[in-house]
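Reading through the structure tokens given below for one structure.
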Amino acid sequence: MRIRSASGRYQVRMAPGLLDLLTVQPGNRLLVADERFADRLGGLPAVLVPATEDTKTMAGAERVVAALRKVGCNRASTLVAVGGGVVQDVAAFAASIYMRGIPWIYAPTTLLAMADSCIGGKSSINVAGQKNLVGTVHPPAEVLIDPDLTLTLDVEQRVAGLCEAAKICFARGPRAFDRYMVVSIDPACDGANLAPVIALSLASKKWFIEVDEFDRNERLLLNFGHTFGHAIEDASGFQVSHGVAVGLGMLVALELAQLQGARLGANALRLHRHVLELLHYLPFPPCRQSRLDPDRLLAAFDKDKKHSREAYAVIIPDDSDRLTRRLLPRDQATRQAIGRSFAAVLHMP
Ligand SMILES: NC(=O)c1ccc[n+]([C@@H]2O[C@H](COP(=O)([O-])OP(=O)(O)OC[C@H]3O[C@@H](n4cnc5c(N)ncnc54)[C@H](O)[C@@H]3O)[C@@H](O)[C@H]2O)c1
Ligand SMILES: [Zn+2]
């Protein structure tokens, strides 16, 4: 697949064994990799990082920049990222600011990164305790997907990736969503072939990022589930992973849509059932350990960067399953409706 972006076209290739191919290529490169892959990097110079939210921070990016400098990278060098969304975010951000931008190649290793984040070019860094507050748009020069890497993912990671893929396909429209329901896999099934769901999800996302790379109109719809999801991640102290939080966030958005007077269409109802089924595969209730505090949830929702001073921006479906961006007044009635929607999904008092 080829993706058109303001900074040129880039290719996405998917084939078993691509990771090993990548790590034998010589050249003026530095790898930034999830420490889990330390023994698969073939002795190339590498910065190994833990895949935690603390890694995608200014300090994490500085560490990568310092390593680029130390191994003598210049504007002709390439940064190679190997890992899930955390590694992607810190590597893409560092590549976008080092010497005002150097190319980077991405080998995603989680289903979420393969089916969603590897294209689109966004990098996001957590600053001042707020998730994804700072970022850049710096698309990769190439994306290499090795679907065999999904074989080691646990059920939670497969559920997380499927939640994002379901979101993208639902947002794209009824044809993409119908096809998603056919190719989606049972997350408990070890060894399932995830290539078809990855390919469909990327083909569906491609439309959004090509028509609106800089997130002004259509691409905003891909935030479906995210404003609520980020609040759940935040209020759980990041115990709930991103993709799972997005799944829960979509359920909250569907509750809110109904409180706003929408009648869910057939596909919104199918999506609701599907996400509930996916979440049931988790070996723990998604909001384990952390009884989510309703005030903390609302506070986290309130500070989301997508809202304006006057209105909360939410993405919810209309009666015909089309996602729409709605601006709700920042008043007590809206906050109550949002609180009720969170409570309905998270079973809070
Ligand atoms: N930039 C974007 O467009 C974008 C989009 C979506 C999400 N994100 C960000 O991505 C992050 C979440 O990323 P993620 O869910 O891809 O995972 P992750 O990078 O947080 O990794 C999750 C866990 O999976 C492990 N892991 C990675 N690959 C594995 C493999 N092949 N087998 C077994 N375990 C493996 C990691 O070591 C880690 O323990 C969040 O910070 C989110 O905000 C960014
Ligand atoms: Zn996401």
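All ligand and atom numbering here is 1-based and tracks the order in the structure.
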inquiry  = Just by distance, no angles: are the side chains of Tyr312 and Asp304 close enough, under 3.5 Å, to form a donor-acceptor pair?
reply    = no
query = Has the side chain of Arg179 got a donor or acceptor atom that lies under 3.5 Å from a matching backbone atom of Pro174?
reply = no
query = Going hydrophobic residue to hydrophobic residue with side-chain gaps under 4.5 angstrom, can you get from Ile97 over to Trp104?
reply = yes
task = Identify, by atom number and element, the atoms of ligand 1 in contact range of Gly84, meaning under 4.0 Å from any of its heavy atoms.
result = 16 (O), 19 (O)
request  = Considering heavy atoms of the protein only, find what lies nearest to atom 26 (N) of ligand 1 and give residue, atom and distance to 0.1 Å.
outcome  = Arg36 NE, 3.5 Å
ask   = Against heavy atoms of Leu149, which atoms of ligand 1 measure under 4.0 Å?
value = 30 (C), 31 (N)
query = In Å and rounded to the nearest 0.5 Å, what is the NE2 to NZ distance from His230 to Lys306?
reply = 7.5 Å
remark   = So the atoms of ligand 1 within less than 4.0 Å of a heavy atom of Glu53 turn out to be 40 (C), 41 (O)
inquiry  = Below 4.0 Å, non-hydrogen atoms only: which portion of Phe93 touches ligand 1? Side chain, backbone, both or neither.
reply    = neither
ask   = Under 3.5 Å, is there a donor-acceptor pair between the Thr110 and Gln157 side chains?
value = no
inquiry  = Quick one: does any side-chain atom of Glu156 pair with a main-chain N or O of Val240 as donor and acceptor, under 3.5 Å?
reply    = no
message = Below 4.0 Å from ligand 1: does a non-hydrogen atom of Lys131 turn up there or not?
response = yes
note = Looking at Glu164, the N, O or S atom sitting nearest the Zn ion (ligand 2) is OE2
message = What I want to check is whether the side chains of Ser201 and Glu164 have a donor and an acceptor closer together than 3.5 Å.
response = no
Flag if over 12 foreign heavy atoms under 6.0 Å of CD, Gln11 = yes
ask   = Is Gln88 reaching over with its side chain to a backbone N or O of Ser117, donor-acceptor style, under 3.5 angstrom?
value = yes
message = Considering non-hydrogen atoms of the protein only, which is the closest contact for atom 37 (O) of ligand 1, and what is the distance?
response = Asp34 OD2, 2.7 Å
key: atom 21 (O) of ligand 1 [closest protein heavy-atom partner, distance rounded to 0.1 Å]   = Ala51 CB, 3.8 Å
request  = Under 4.0 Å, heavy atoms only, figure out whether ligand 1 is touched by the backbone of Thr109, its side chain, both or neither.
outcome  = both
request  = Report the nearest protein non-hydrogen atom to atom 17 (O) of ligand 1: residue, atom name, distance rounded to 0.1 Å.
outcome  = Thr110 CG2, 3.7 Å
request  = Classify the contact between Asn132 and ligand 1 as side chain, backbone, both or neither, using a heavy-atom distance cut-off of under 4.0 Å.
outcome  = side chain
task = Considering only non-hydrogen protein atoms, determine which one is nearest to atom 22 (C) of ligand 1 and report residue, atom name and distance to 0.1 Å.
result = Gln157 NE2, 4.0 Å
remark   = closest protein heavy atom to atom 3 (O) of ligand 1 is Ser117 CB, 3.7 Å
query = Does any donor atom in the side chain of Asn132 or Lys56 lie under 3.5 Å from an acceptor atom in the other side chain?
reply = yes
inquiry  = If we check side-chain contact (heavy atoms from CB on, under 4.5 Å) with Val80, which of these qualifies: Val32, Leu30, Leu31?
reply    = Leu31
key: Nitrogen or oxygen atoms of Lys56 and ligand 1 under 3.5 Å apart   = yes
inquiry  = Quick test: of every protein heavy atom, which one is nearest to atom 20 (O) of ligand 1, and how far off is it to 0.1 Å?
reply    = Val86 CG2, 3.4 Å
query = With ring centroids as reference points, do Tyr180 and His274 lie under 6.0 angstrom apart?
reply = yes
ask   = Which ligand 1 atoms, with their elements, are less than 4.0 angstrom from a heavy-atom of Thr152?
value = 30 (C), 31 (N), 32 (N), 33 (C)
ask   = How does Asp89 reach ligand 1, by side chain, by backbone, by both or by neither, if only non-hydrogen atoms under 4.0 Å count?
value = side chain
request  = Tell me which protein heavy atom sits closest to atom 14 (P) of ligand 1, plus the residue, atom name and distance to 0.1 Å.
outcome  = Gly85 N, 3.5 Å
note = the Zn ion (ligand 2) has as its nearest N, O or S atom from His242 the atom NE2
